Amino acid sequence: MSLIRAPIYRLAESAIGQRTLDRFRTGSPPIFMFHRVLEPGEPCYAREMVTTVPVFQRFLEWLQTHYQVVPLSVLLEQIGDPGLCSITFDDGWEDNYRCAFPVLKAAGIPASIYLITSYIGTCKRLWQDDLWRCCELDDNRVLSELNQVARRLPWSPMFGASSVNFSALRRFLLKRSSSEAKQFVRLLCEHLGLDNTARPSFMDWTQVKEMSRQGITFGSHTVTHSLLTRTTTTRVATELRDSRSELEQRLGAAVDEFAYPWGAVNRWVRHCVQEAGYQRAVSITEAYAGESSDLFALPRVFLSDTILSQAGTFRPGKVDIHLARIRTRRHSHSQSTVNASPLRISFIIDEIEAWQGGTEQQFRKILNVLDKAEFQVNVYILRRTRAVVDEKLPYRVTIIADHPQRAMAMCRSLVAHLRCEHPEIVQTFFPDSNVYGTLAARFAGVPVIVNARRSLGYWQRWRDRILLKISNRFVDRWQCNSRTVRDWLCEHERVPAESIDILPNVIDLTQFEPPGRHERNAARQLLRISDSALVITSVANLRPVKRLDTLVQAMKILAPEVPTVLALLVGEGDCEAELRQEAERHGISAHLRFEGRQADVRPYLAAADIGVLTSSSEGASNSLLEYMAMGLPAVVSDISANQGLVSEALFSSGDARDLASKILELLRDPKRRERMRNDYRRAAEEYGPAEFAARVQSFYFSLRSESGEY
């Protein structure tokens, strides 16, 4: 390929080629974007960001023969002059001072540099820089530690050997919020034993001030280089305000320019930049600036050695061809809306008979963390249900139909409502909504459709599988609550892994916290349980999938060994009569208590010595999370969802003898129970309300950009 390109570049550099390419220099002026300028051979995590010093020097010489380089503010005042151009740098790397500044100063060329203020004058590195260092180590070691980190973070999938490369991991982390990406890389560095003793990656304030005195303009690139499209507007406003304030205080001059980290911008972020007092902002959209360009999303032309040189030598013909190609592209420079209206989301659910179910609880919590200033939410319920009538939701609720058999009528009604409301996002919960809600949203022309999945499809019949196969074709994203559900979707429904987001369940860490001895005694008195009893608690609906018959059979084995053992079954369901009969048949009714559905399960957990979860299928168990938050050691079935939460005291699902054996081991080992209490509580903190709220909002903010609206 290089043998073909070299003659093309020579032709472009000839007199004939130059006369031809000069025609493309008319029109709008370019704004050039650089990141790093390094000496040849200096390492960098992304070579496409690097311009070597000799190439940069030759480029500036070439630039001065074709353009007049002016500050960005001057270029925008004379936007119709194609003979002008501006140069910008993102991030504020130390090599901008060490390598680029001497060349710029010698040539008398101005530039704008956008700084990450919390990194200036420190030894901090961007998370992608640290990730690159990790990936330079032995692959087998990195893969092992990578999955150790993934097990600690409930939003992360497990990784295969093909994932142990910098590009794949960076793509994955860019789909998460910046705080999660930084947490992931920090933990990986800790596991791999990488320290932070390298020389500073970014300039210090002395260097910044010196460059400012020499005609270099500085703008903001936020405080922490966060993906602004994945965070709340409150946080965006803080990043914009604090970075600008510090720059103005340090430099003693107004700061009017801003660059979006990662180029991530939507109408909300753009609105916040304008509200923060900036006069202009640059994006990474590759085009020439023009009179119709949005001042708060100015396009730029990305440059580095990959574009400027061939085999390490500057090639002006290559540059000319690249610029001509950009000039001839069609781009939309329409002025974007300044009215940053709330994001419109419609949720569609089947029914809610009670709020005690896992999916119902999580749905309610999602609604509760969506700020009404930023989200306009409508809830559509397919069938009239008691819970919605009894308790008002925080957003408007519309009942679609009272008769579940009228599927097509429900679809038509949904389409009419959605066309009226014009939501940007529709998210569906429960089986019927995942089918009929998806189809209605597609017919209504909704830009982004999301399916929530929270189980392993144990309910699916052949009819359900056919309908899902049809409706899945119209789904843009899937939201699940564990990596187990994610893997199941990939395997059984052939959903692309990159289309699935993990939103872990939430647990109230203040409501569910380890009880003290006084509370334990009070709970036992309240429940009329003797102090000497060894109490096992199971919180679960009494349904076949929960396999509580395994616990009843295990109690038959335990009762002779531990005469004071008592099991509390907290929940209700169709299997209750059958379980009672089985307990009577085995003569262990005195060792089992059916407590029914309880609005507050805390006393039952506080009174317990051990928790038990016997399910044969779970997406992610809220009960197990409650055990963990309470510091209640538990014996749980060895299904994959449980293994994703805990790593010990697992019994073979459905095996009563194994369950009894594991319970006995725990009852006889108080030191192990104490260690498990501490380990459980630490693990549960990843599922706290603050983390949940940030993840929920980050998820919908990311979808906002996919809705097709600027």
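Just the heavy atoms: all of them, side chains too, but no hydrogens, waters or symmetry mates, feed the values below. All figures in this text were calculated on a predicted structure; none of them were measured in a lab.
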With salt bridge (charged side-chain N to carboxylate O under 4.0 Å, His left out) as the rule and sequence neighbours excluded, what pairs involving residues 61-76 come up? R58-E61
Within the side chain of T88, is there an N or O that forms a donor-acceptor pair under 3.5 Å with the backbone of F32? yes
So, using side-chain hydrogen bond (donor to acceptor under 3.5 Å, both in side chains) as the criterion, who are the partners of T232 when residues are at least two apart? none
Not counting sequence neighbours, list each pair that qualifies as a salt bridge (charged side-chain N to carboxylate O under 4.0 Å, His left out) and has a residue in residues 28-37. R36-D95
Under the side-chain contact (heavy atoms from CB on, under 4.5 Å) criterion, do T231 and S226 qualify, and how do the steps go? CA-CA 8 Å; T231 188; S226 293; 5.6 Å; no
If I compare all heavy atoms of L298 with all of S293, which pair ends up nearest, and what's the gap? CD2-CB, 4.1 Å
Is the backbone of V223 close enough, under 3.5 Å, to the side chain of S118 for a donor and an acceptor to pair up by distance? yes
Shortest non-hydrogen contact from V269 toward L228: CG2-O, 3.6 Å
Those residues at least two apart in sequence (or on a different chain) that pass side-chain hydrogen bond (donor to acceptor under 3.5 Å, both in side chains) with R280 are E257
Assess the pair H225 and Y119: is the distance between their ring centroids shorter than 6.0 Å? no
Treating Q479 as the side-chain partner and D501 as the backbone partner, does any N or O pair qualify as donor plus acceptor under 3.5 Å? no
Between V301 and A287, which heavy-atom pair has the shortest distance, and what is it? CG2-O, 3.8 Å
Exercise: do E374 and Y700 side chains pair donor with acceptor under 3.5 Å: no
Show which side-chain atoms of residues 211-219 pair as donor or acceptor with protein atoms under 3.5 Å away, not counting sequence neighbours.
none

Backbone of F443 reached by a side-chain donor or acceptor of R419 within 3.5 Å: yes
Of all residues at least two apart in sequence or in a different chain, which pass the side-chain hydrogen bond (donor to acceptor under 3.5 Å, both in side chains) check with D305? T52
Salt bridge between R695 and E691, side-chain N to carboxylate O under 4.0 Å? no
Quick check: does any side chain N or O of K318 sit under 3.5 Å from a backbone N or O of S309, one acting as donor and the other as acceptor? yes
Measure from NZ or CZ of R244 to the centre of the six-membered ring of F258 and say whether it is under 6.0 Å with the direction within 45° of the ring axis. no
Which heavy-atom pair separates I120 from G92 by the least distance, and what is that distance? CD1-O, 4.2 Å
Decide, yes or no, whether a salt bridge links E421 with R396 under the criterion of side-chain N to carboxylate O below 4.0 Å. yes
Whether S178 side chain and L227 backbone form a donor-acceptor pair below 3.5 Å: yes
Under the side-chain contact (heavy atoms from CB on, under 4.5 Å) rule, what do R125 and Y45 come out as? Steps first, then yes or no, please. CA-CA 11 Å; R125 280 192 291 266; Y45 69 83; over 6 Å; no
Spatial distance of atom CG (L38) from atom SG (C44) [nearest 0.5 Å]: 6.0 Å
Closest approach of S283 to R300 (non-hydrogen atoms, all atoms of both residues): O-NE, 2.8 Å
Heavy-atom closest contact (E42 atom, C99 atom, distance): OE2-SG, 4.4 Å
The test is salt bridge (Lys or Arg N to Asp or Glu O under 4.0 Å); show your working for R230 and E180 and say whether it passes. CA-CA 11 Å; R230 282 184 169 267; E180 288 180 331; over 6 Å; no
In terms of side-chain heavy atoms, does T398 have a donor or acceptor partner in N378 at a distance below 3.5 Å? no
Would you indicate whether E498, at its atom CD, is surrounded by more than 12 heavy atoms from other residues, nucleotides or ligands within a distance under 6.0 Å? yes
Test your reading of the model: is there a side-chain donor-acceptor pair from E286 to the backbone of F302, 3.5 Å cut-off? yes
Side chain of T238, backbone of T234: donor and acceptor closer than 3.5 Å? yes
I want to check something: taking the side chain as every heavy atom from C-beta on, are E94 and P200 in contact at a cut-off of under 4.5 Å? no
Any donor-acceptor pair under 3.5 Å linking the side chain of R270 with the backbone of A297? no
Validation row, ring centre F701 to ring centre F375 under 6.0 Å: yes
Ignoring hydrogens and geometry beyond distance, is a side-chain donor-acceptor pair present between S220 and S243 at under 3.5 Å? yes
For F172 and S156: C-alpha separation, side-chain torsions, deciding distance, then whether side-chain contact (heavy atoms from CB on, under 4.5 Å) applies. CA-CA 9 Å; F172 162 69; S156 172; 4.0 Å; yes
Look only at the side chain of D91 and the backbone of P261, and say whether a donor-acceptor pair between them is shorter than 3.5 Å. no
Do NZ/NE/NH1/NH2 and the carboxylate oxygens of K124 and D130 come within less than 4.0 Å? no
